[in-house]
**Q** 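Quick one: the structure is below, and I'll ask about it shortly.
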Amino acid sequence: MPKKRSLTKKLLTWYRANKRSMPWRDHPDPYAVWVSEIMLQQTRVETVVPYFERWMMRFTTIGKLAAASQQDVLNLWEGLGYYSRARNLHKAAQVVVDEHQGALPADLSALQKLPGVGRYTAGAIASLGFGLDAPVVDGNIKRVLARIFNVEEAVDTTVGEKRIWALAEEYLPGGEAKDYNQALMELGATICTPRNPKCETCPVNTICEANKLDLQGERPVTKPKAEVPHYTVAAAVIQKRGRVLLAQRPADGLLGGMWEYPGGKQEDGESLPVCLRREIREELGVKIKVGEELGLYRHAYSHFRVTLHAFLCELKVGKPKAIEAQAIKWVWLKDLGDYPMGKLDRMISETIVAKR
DNA sequence: CAAGCGTGGCA
DNA sequence: TTGCCAAGCTT
């Protein structure tokens, strides 16, 4: 086993000489650390930077965030994905105002009680925001520690996770958690990468067990992943006097709270127009006439792929009432930007505008 | 505790 | 084109 002192010293020295500049790193305060950590969940630094800048400009304090509408919050988050993060951040801000006088608590277990804050994020706010001695484990750290210590258990199982957290805690240098945690993550992001790690320039290559055994490619061990299903989906662009009908998705689940063109999944053996008429009847309670196809869009989500066919439609019978959807609204084309949508619906919007 | 939850970059 | 993965959390 590597010696603690020698490992942590090498990592800290390397980090202080090589850390990248980031907006939340250059002026750290607990609120900025919190927002950045939520945005960075499963998301790359370069993607987050512009969202973070806009967010901190618009919601300068936790109080301002708490007082905002969910619509404004989702709008700033649009395009970033995993929208429950935005809804939870908003909710948590209200908890912080109501129960912690508007300031984040400098306490690991109190932090972890906030919606959207798990063990990693609580540790990150505690160490990076408050300078406390708390360990963190993210995807980078799992990989880095699994290689340095040649961990043979799969890191995405309960047993493997426990082992990694124990290593993170055991090797945490007292008083240096802030830089040490970031050093491990920075090493994972820039040197100890999933593919083609740059072991030649790694500051701990003489200590790393996987490097010594030439097992970098075999670590970390993970369990096999499930196949992703493929769905065919139909969406209706229902127009009326220059406006289109948007429906708001239910608050939870996929794209929760976002606006979309109504429609849904094609069932076995069903034609697309039939699918669309059925979905619109169930979702809005009206009948439509299906017209020409506006476009075909392919998109990959985390756990499935879709091919979406969008059709220009007309209302035939009845006035749309929200049944499956939370709410519906006729929206001028120029106002589409005010409504937070997922990628696919945004693509359809662009096609509509381009075709006019 | 396995499954659900977005999007973009890269090989 | 497809699969993999990226500063995870919730149910």
**Q** Just call it for A:Met22: base, sugar-phosphate, or nothing, with non-hydrogen atoms closer than 4.0 Å on any strand.
**A**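 The answer is base, as A:Met22 lies within the cut-off (heavy atoms under 4.0 Å) of a base atom.
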
**Q** Any idea which heavy atoms bring A:Ala126 and A:Ala134 closest together, and the distance?
**A**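 That closest heavy-atom pairing would be CB-CB, 4.0 Å.
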
**Q** I'd like to know if A:Arg346 pairs up with A:Glu78 as an ion pair, taking the criterion as any Lys NZ or Arg NE/NH1/NH2 lying under 4.0 Å from an Asp or Glu carboxylate oxygen.
**A**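 Between A:Glu78 and A:Arg346 there is a salt bridge, with a charged N closer than 4.0 Å to a carboxylate O.
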
**Q** Any non-hydrogen side-chain atom of A:Leu333 less than 4.5 Å from a side-chain atom of A:Arg243?
**A**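 A:Leu333 does not reach A:Arg243 side chain to side chain.
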
**Q** Can you tell me how far P in C:dT11 sits from the matching atom in B:dG6, rounded to whole Å?
**A**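 Straight-line distance between the two P atoms is 14 Å.
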
**Q** Atom CG of A:Leu308 to atom P of B:dT7: distance rounded to whole Å?
**A** 13 Å

**Q** Do A:Ser302 and A:Tyr82 pair up side chain to side chain, a donor and an acceptor below 3.5 Å, judged on atom types alone?
**A**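 Side chains of A:Ser302 and A:Tyr82: pair found under 3.5 Å.
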
**Q** Could you state the atom-to-atom distance from OH of A:Tyr51 to P of B:dG8 in whole Å?
**A** 7 Å

**Q** Would you say the side chain of A:Thr43 and the base of B:dG6 hold a donor-acceptor pair, judged only by whether the two atoms sit under 3.5 Å apart?
**A**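 For A:Thr43, whose side chain was compared with the base of B:dG6, there is a donor-acceptor pair (under 3.5 Å).
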
**Q** Using a cut-off of strictly less than 4.0 Å between a heavy atom of the residue and any atom of DNA chain C, enumerate the qualifying residues of residues 130-137 of chain A by number.
**A**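 Within residues 130-137 of chain A, no residue comes under 4.0 Å of DNA chain C.
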
**Q** Roughly how many Å is it from CD in A:Glu46 to P in B:dG8, rounded to a whole number?
**A** 13 Å

**Q** Should A:Arg20 and A:Glu186 count as an ion pair when the cut-off is N to O under 4.0 Å?
**A**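 A:Glu186 and A:Arg20: salt-bridged.
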
**Q** I'd like to know whether A:Glu314 forms a salt bridge (charged side-chain N to carboxylate O under 4.0 Å, His left out) with A:Lys240, so could you lay out the CA-CA distance, the side-chain angles of the two residues, the decisive distance to 0.1 Å, and finally the verdict.
**A** CA-CA 8 Å; A:Glu314 285 173 34; A:Lys240 191 167 113 182; over 6 Å; no

**Q** Specify the closest pair of heavy atoms between A:His303 and A:Pro229, including all atoms of both residues, with the distance to one decimal.
**A**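 So the two residues come closest at O-CD, 3.1 Å.
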
**Q** With nearest nucleotides of DNA chain C determined for A:Arg44 and A:Asn88 from heavy-atom distances, which residue corresponds to the more 5′ nucleotide?
**A** A:Arg44

**Q** Check DNA chain B against residues 29-40 of chain A and give the residues with a non-hydrogen atom under 4.0 Å, in numerical order.
**A** none

**Q** Do A:His309 and A:Thr232 have a side chain donor and acceptor closer than 3.5 Å?
**A**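 No pair is found: no donor N or O on one side chain lies under 3.5 Å from an acceptor on the other.
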
**Q** Using the P atom as the reference point in each nucleotide, state the distance between C:dA6 and B:dC1 in Å, no decimals.
**A** 23 Å

